[in-house]
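What follows is one structure encoded as structure tokens, with my remarks underneath.
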Amino acid sequence: MSDELNRDRRQEPRRQERRRERAPTDFVQPARRVAYEVIAAVRESDAYANLLLPTRIKRAALNTADAALATELTYGTLRMQGFYDRVIAEAAGRPVTAIDPAILDVLRLGTHQLLATRVATHAAVNESVELARQVGSRAATGFTNGVLRTISRSTPEEWRDRVLAGATGEDDRLAAEHSHPVWVVRAFRQSLRLEGREVELEDLLIADNAAPRVNMVALPGLSNTEDTEGLGVANAFSPAGFVLAGGDPLHIMQDSDGRVRVQDEGSQLAALSLSRARPIAPGERWLDLCAGPGGKAALLAAEALGGGAHLVANELVPARATLVRKALAAVPTDVAVWEQDGTTFADAHPEEFDRILLDAPCTGLGALRRRPEARWRKQPKDVAELSDLQSGLIDAALGALKPGGILAYVTCSPHIAETRGIVASALKKWGDRVHTLDTAAVLQGLSSSELDLPDDGHSVQLWPHRHGTDAMFITLLERTA
């Protein structure tokens with residue numbers, strides 16, 4: 001009898017685990033609910049996760065631990081969506097296009113918990129089933145339970161091997177494993193190949209799926225030691241910022257009245273490449289042609305104030321122009337914010353500005369670490385449409401530039417059609433009236449440490465895996481005097 005009692009006691013924890021796995025639940029943890037709501041909003045209304053998630057976390061009054069969980073679940077699911085869709089398709093025995101979109105969101109979120117987190121299997125499955133009940137039909141709950149139970153029976157490594165076995169080629173293998181669309185993988189390969197660094201492609205894809213560090217910019221001449229002391233360590237390259245060691249960036253921005261703010265180090269370098277390309281002559285007129293949401297404009301305004309120059313910020317979209325005005329409020333100088341069409345800007349302002357920043361609208365493929373949903377939102381046809389806009393904007397910017405003036409053409413994308421292709425077309429059109437500056441030399445001259453750049457100095461392409469920045473492209477052009 002004693003042996004039987006001891007055996008029952010040893011088996012009781014496993015019995016409890018089985019009961020938990022079978023037990024239905026009508027409760028969904030707030031962190032999971034917030035993550036699901038953000039993921040669904042990204043799909044349904046093209047919401048931006050980085051803007052919506054903090055709002056939903058605040059509305060749900062999540063504590064620190066739950067906020068961290070909601071953030072991990074949201075970004076992890078969005079980053080690895082392509083891989084998870086291949087897993088779900090195999091487990092469900094049907095393509096994901098045949099699954100109700102709301103239920104597919106539930107399955108993606110559940111798959112992420114099963115394959116990439118330490119969340120207990122019963123919690124991931126049961127709460128996903130309850131989410132499915134709330135957003136779908138009775139049949140959907142059984143389907144969700146069956147698919148996630150199937151996924152839970154194999155290890156992450158086994159699912160990786162299974163998914164990669166179905167790849168149709170090297171680019172498709174990389175796309176599957178690192179959860180990027182194939183066309184994006186090929187675009188990255190082409191850009192790296194131009195630098196003779198194609199071997200770095202997989203490192204780039206891995207970096208795209210890593211949570212980025214938080215970079216802050218301290219506006220030159222305006223921030224002081226009290227604003228930044230003890231908050232982090234200096235940037236690797238930009239002399240105007242630092243890497244945040246911890247804490248809430250929003251509180252830091254509020255405490256400093258906006259003199260310290262979140263800004264990727266690559267964006268800092270892009271703005272500084274224009275302001276520090278050569279010494280500032282007092283009275284210069286500067287223009288930020290596509291200024292929204294205003295981060296680079298604020299940095300340029302601080303630089304202009306320190307050198308005696310005057311900045312104009314232009315932004316066509318009224319809502320984004322409002323954001324520009326808010327960003328500029330930290331700089332104690334009058335910066336006019338215009339709302340004009342950038343493609344026709346030179347018609348009203350020919351040869352008017354000494355320095356112009358054109359941070360052109362682009363696919364955003366250089367910021368996939370921060371906006372993982374962008375990889376699924378963009379299509380190859382978007383590149384062609386944006387290229388037409390970028391060509392019109394660079395033409396207008398050169399027309400608004402004084403002879404001897406400098407234009408910084410910047411995109412947060414490494415796609416050749418949005419970067420070198422646009423610059424090459426502009427140089428061909430403008431002939432000997434425009435020439436490139438040694439952009440690499442300018443950036444090396446202002447950088448706190450040496451940047452790893454290829455020999456071609458006319459343009460600079462920054463990379464997440466190599467520089468720890470967004471994949472910013474920068475070219476400095478000068479109107480012939």
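Excluded from the calculations below are hydrogen atoms, water molecules and symmetry mates; all remaining heavy atoms, backbone and side chain alike, are included.
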* Asked: Does a side-chain N-to-carboxylate-O contact under 4.0 Å join Asp354 and Lys402?
  -> yes
* Look up atom CH2 in Trp376 and atom CD in Glu373, then write down how far apart they are to the nearest 0.5 Å. => 11.5 Å
* Glu37 and its salt bridge (Lys or Arg N to Asp or Glu O under 4.0 Å) partner, picked from Arg56, Arg32, Arg43 -> Arg56
* Angle class for the Phe353/Phe345 ring planes (parallel below 30°, perpendicular above 60°, tilted otherwise)? -> tilted
* Are Val214 and Val243 side-chain neighbours, meaning at least one heavy-atom pair lies under 4.5 Å? -> no
* Ring-face cation of Arg160 near Phe83 (centre distance under 6.0 Å, axis angle within 45°) -> no
* In plain terms, say whether Glu352 and Arg479 are close enough for a salt bridge, that is, a side-chain N and a carboxylate O under 4.0 Å apart. => no
* Heavy-atom side-chain contact between Phe188 and Arg186 under 4.5 Å -> no
* To do: Give me the ring orientation class for His415 and Trp183: parallel if the planes are under 30° apart, tilted from 30 to 60°, perpendicular past 60°.
  => tilted
* Testing Lys378, Glu418, Glu385 for side chain to side chain donor-acceptor pair (under 3.5 Å) with Thr363, which one passes? -> Glu418
* To do: Write out all pairs satisfying salt bridge (Lys or Arg N to Asp or Glu O under 4.0 Å) with one or both partners inside residues 203-214, taking only residues at least two apart or from two chains.
  => Arg213-Glu265
* **Distance-only side-chain donor-acceptor flag, His458 / Thr436, under 3.5 Å** => yes
* Ion pair present between Asp66 and Arg33, side-chain N to carboxylate O less than 4.0 angstrom? -> no
